[in-house]
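For the numbers below, each heavy atom of this structure counts, side chains included, while hydrogens, waters and symmetry mates do not.
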Amino acid sequence: MQNEKQTAYGFGTRAVHMGNAVDKETGAIKRPITMANSYELPYDPTDMNWSSAAGNLYTRNGGANQKYLQEKLASLEGGEDCIVLASGVAALSGLFFALLKQGDHVIFSSVTYIAVYRLLNELFNTKFGVETTIVDTSDPENVRRAMRPNTRLVHIETPGNPTLSISDIAEIAEIAHAGGALLSVDNTFASPYNQRPVELGADFTIESLTKYINGHGDAMGGAIIGRTEHLDLIRAQSQINLGATISPFNAWLIMRGAVTLPLRMRQHNDNALAVARWLEAQDGVSFVAYPGLESHKGHETAKKQMAPGFGGVLSFGLKADHDTHNRFVSQLKVITSAVSLGHDASLIVFLGEKDERQYLYPEEFSNGFFRFSVGIEDMEDLIADLQQALEAVGLS
Ligand SMILES: *Cc1c(COP(=O)(O)O)cnc(C)c1O
């Protein structure tokens, strides 16, 4: 299918076939894992560029399994090109490192993955002289007001981790481009099944492959999707010189996991919406944040840019004190207390009320809250598990 136009087939067909081919040596109908870290040199190698990402040379410069996965993800995200790296954070830092220089200005969402906050609010500004502004990007007007002549990049996350805030990708892309800036969107919570930022006008989509795209909680990876002109720069400057290359085995695992992305996302979408509605109806629950709920502030924007569903992550709180939140988690039997998200299994994490970024979150998050990644188990079992835990702590 490599030579077919990316759009000639549906999402599910491309999830299965893109990046795969018959192995020429053995005839195997699945491409093998190539663990070698070095490739045969030409007769006279002396005029080679040892920092080149073109061709097969050395696995830090790009390996076979990485390239197969890049083909699949560029297709699923509707992008021209893709770089796969060792983690979601490697993708984020690789993008920032290649794009930003001293004197540039960056605008980023008040709700982002914690490493983005550290990189832009603590490292790039103090170590490299990059100006950074945090804004609530759920209102695009805040982005417009924050734009400066030297704004190089706007970085948003939608839905945002951990409050599920929604930002309008198409509108923010217009504002960024009008000011001569680029837009990157962390799409990890939605996955390309539900939302494809580059198709909506963003210049870059970032994915933590560790989450939905691998989907089984057993490998780490990250991806940047965008145009080749930008991605060649990131390859040359970040992948090869920062060295956060994905291992061939992890690239292979993620390639395998991604095949079932559409099937899993359908179940995540359905389960999360049902659980969110159920939680919202419970007296002991103080709030539920899920973009699929009519009560969510960003619901209309989410409906416009997310389809067919709203993902598997939600946040909620209990009408109870700090320790009751911990007791509730300790009573759960199906749902596991662990960080990460987008696994087959349901995962919950109590984030308390002392996050250093609490001042950036809506009021209802100030009494402690859970981030809940709803898995693909049977919905009835998840709701029964939540019900019995609420009863056990006297909230039902
Ligand atoms: C987990 C996560 C990341 C970081 O990905 P890693 O693979 O853990 O490095 C980035 N963004 C979001 C939204 C995430 O949830």
Side-chain angles (χ1 to χ4, degrees), residues 88 91-92 95-96 99-100 104-122 124-125 130-191 194-208 224-226 289-292 296-306 310-311 313-315 355-365 371:
L92 288 161
L95 174 81
F96 299 154
L99 236 52
L100 302 174
D104 283 345
H105 175 234
V106 182
I107 296 168
F108 70 104
S109 298
S110 49
V111 181
T112 61
Y113 193 69
I114 185 72
V116 169
Y117 181 76
R118 295 258 178 272
L119 285 165
L120 296 179
N121 196 52
E122 293 176 5
F124 272 72
N125 53 351
V130 172
E131 301 167 23
T132 61
T133 308
I134 302 177
V135 308
D136 176 358
T137 57
S138 67
D139 181 356
E141 288 311 309
N142 293 335
V143 178
R144 198 188 306 279
R145 276 193 287 275
M147 291 292 292
R148 296 177 192 169
N150 58 337
T151 305
R152 171 81 170 131
L153 183 70
V154 177
H155 177 78
I156 64 173
E157 194 172 302
T158 183
N161 187 354
T163 67
L164 283 297
S165 66
I166 296 292
S167 300
D168 189 320
I169 297 170
E171 208 168 320
I172 294 174
E174 258 185 58
I175 294 168
H177 294 158
L182 298 166
L183 173 66
S184 59
V185 180
D186 188 327
N187 197 46
T188 301
F189 270 37
S191 92
N194 288 322
Q195 177 173 273
R196 290 175 292 283
V198 296
E199 289 182 355
L200 295 164
D203 300 282
F204 304 101
T205 297
I206 306 290
E207 297 279 1
S208 167
I224 310 168
I225 294 89
Y290 181 66
H296 190 277
K297 183 172 151 255
H299 182 60
E300 289 308 315
T301 306
K303 272 205 302 197
K304 196 175 70 168
Q305 64 192 18
M306 300 180 82
F310 302 94
V313 187
L314 55 87
S315 290
D355 188 309
E356 64 196 286
R357 297 180 297 165
Q358 208 82 44
Y359 73 99
L360 296 166
Y361 299 161
E363 175 61 27
E364 60 268 28
F365 288 80
R371 186 188 65 199

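- In this structure R152 satisfies the salt bridge (Lys or Arg N to Asp or Glu O under 4.0 Å) test with no other residue, sequence neighbours excluded.
- For A170, the side-chain contact (heavy atoms from CB on, under 4.5 Å) test picks out D168, with sequence neighbours left out.
- For E364, there are no salt bridge (Lys or Arg N to Asp or Glu O under 4.0 Å) partners at least two apart in sequence or on another chain.
- T158 and S167 are not linked by any side-chain donor-acceptor pair at a separation below 3.5 angstrom, with hydrogens and angles left out of the test.
- With sequence neighbours left out, K297 forms a salt bridge (Lys or Arg N to Asp or Glu O under 4.0 Å) with no residue at all.
- Side chain to side chain, E131 and N150 meet the donor-acceptor criterion of an N or O pair below 3.5 Å.
- No hydrogens or angles considered: nothing links the side chains of H155 and S109 as a donor-acceptor pair under 3.5 Å.
- Listed by chain and number, the residues in a side-chain contact (heavy atoms from CB on, under 4.5 Å) with E363 are S366 (sequence neighbours excluded).
- Within the structure, salt bridge (Lys or Arg N to Asp or Glu O under 4.0 Å) contacts touching residues 198-208 (residues at least two apart or in different chains) are R196-E199, D203-R227.
- In terms of the salt bridge (Lys or Arg N to Asp or Glu O under 4.0 Å) criterion, residue partners of E300 (sequence neighbours excluded) are, by chain and number, K303.
- Using a 4.5 Å heavy-atom cutoff, the side chains of P362 and T163 are in contact.
- Looking at residues two or more places apart in sequence or on another chain, you find a side-chain contact (heavy atoms from CB on, under 4.5 Å) between S208 and T188, T210, K211.
- For A173, the side-chain contact (heavy atoms from CB on, under 4.5 Å) test picks out H177, L183, with sequence neighbours left out.
- Applying the salt bridge (Lys or Arg N to Asp or Glu O under 4.0 Å) rule to pairs touching residues 169-182 yields nothing, sequence neighbours excluded.
- Within the structure, salt bridge (Lys or Arg N to Asp or Glu O under 4.0 Å) pairs that include any residue of residues 135-144 comprise E141-R144 (at least two apart or interchain).
- For Q305, there are no side chain to side chain donor-acceptor pair (under 3.5 Å) partners, not counting sequence neighbours.
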